[in-house]
Novice: 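The structure that follows is given in the form of structure tokens.
Just so you know, these numbers use all the heavy atoms, side chains as well, and skip hydrogens, waters and symmetry mates.
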Amino acid sequence: MIPDPETTAELAEHTGPLAEPPHPDVAALWEIMPGLYLPDGSAIYGPHSLAERNDTYEVAEYSPGWVLIGDDGGGAGYLMRALTAGAPPPDGVPRPGEVYLLDLGALCPDVAAEGDLVTTDLVAWATGQHDDRHRPGEPRTDP
């Protein structure tokens, strides 16, 4: 997999702090590439932009326990349950690597109930290595 040149350049130019990966699956993706942009406008955020995007959309306030990892370029965000790489879940319940799509104007505490499940395998989905419910850059279809 070739790293996305645009996000690689952004990371090289970034002078502020970098975000810690909010989930082990995000950490695995960042080992391959520091985020990516797709022709349709979808983005998966890198460590240089993740914190700013989550602050902008006030994700911690409206969807506590969740993290915005990207967007579809059309007003909806890709969200995952927050779980720092290497740290146990706060309540001892394992957190799967599910990614949900939810309108950024409709952020809520129960993203899993209100959003659309996009994938359970972030790395394979984002890099196009397997066909899951919806890959970034492709039109959405209901399963």
Novice: Quick one: pull up CG in L79 and NE2 in H23 and give me the separation to the nearest 0.5 Å.
Specialist: 12.5 Å

Novice: Identify the two heavy atoms, one from P64 and one from P109, that lie closest to each other, and give their separation to 0.1 Å.
Specialist: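 For P64 versus P109, the nearest heavy atoms are CD-CA, 4.2 Å.
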
Novice: Is N54 reaching over with its side chain to a backbone N or O of L68, donor-acceptor style, under 3.5 angstrom?
Specialist: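 Present.
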
Novice: When rounded to the nearest 0.5 angstrom, what is the spacing between CD in E58 and CG in L104?
Specialist: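 These two atoms lie 12.0 Å from each other.
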
Novice: Indicate yes or no for a side-chain donor-acceptor contact from S63 to the backbone of C108 under 3.5 Å, with no hydrogens or angles considered.
Specialist: yes

Novice: For residues 29-75, pull every pair meeting ring pair (Phe, Tyr, Trp, His ring centres under 6.0 Å), keeping only residues two or more places apart or in separate chains.
Specialist: W66-Y100

Novice: Which heavy atom in A112 sits nearest to a heavy atom in R81, and how many Å separate them?
Specialist: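 Closest heavy-atom pair between A112 and R81: CB-NH2, 3.7 Å.
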
Novice: Would you please name every residue forming a side-chain contact (heavy atoms from CB on, under 4.5 Å) with A76, sequence neighbours left out?
Specialist: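 A76 satisfies side-chain contact (heavy atoms from CB on, under 4.5 Å) with D72, L101 once adjacent residues are dropped.
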
Novice: Do L50 and V67 make a side-chain contact, defined as non-hydrogen atoms from C-beta onward lying under 4.5 Å apart?
Specialist: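 Yes; the side chains approach each other to less than 4.5 Å.
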
Novice: State the CD-CG distance between E98 and D25, to the nearest 0.5 angstrom.
Specialist: 10.5 Å

Novice: Under the salt bridge (Lys or Arg N to Asp or Glu O under 4.0 Å) rule, what pairs show up with a residue in residues 60-71, not counting sequence neighbours?
Specialist: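 Matches after skipping sequence neighbours: R53-D71.
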
Novice: So, applying side chain to side chain contact (heavy atoms under 4.5 Å, CB included) with T127, which one of L29, L122, D121 is it?
Specialist: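 The single option meeting the side chain to side chain contact (heavy atoms under 4.5 Å, CB included) with T127 is L29.
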
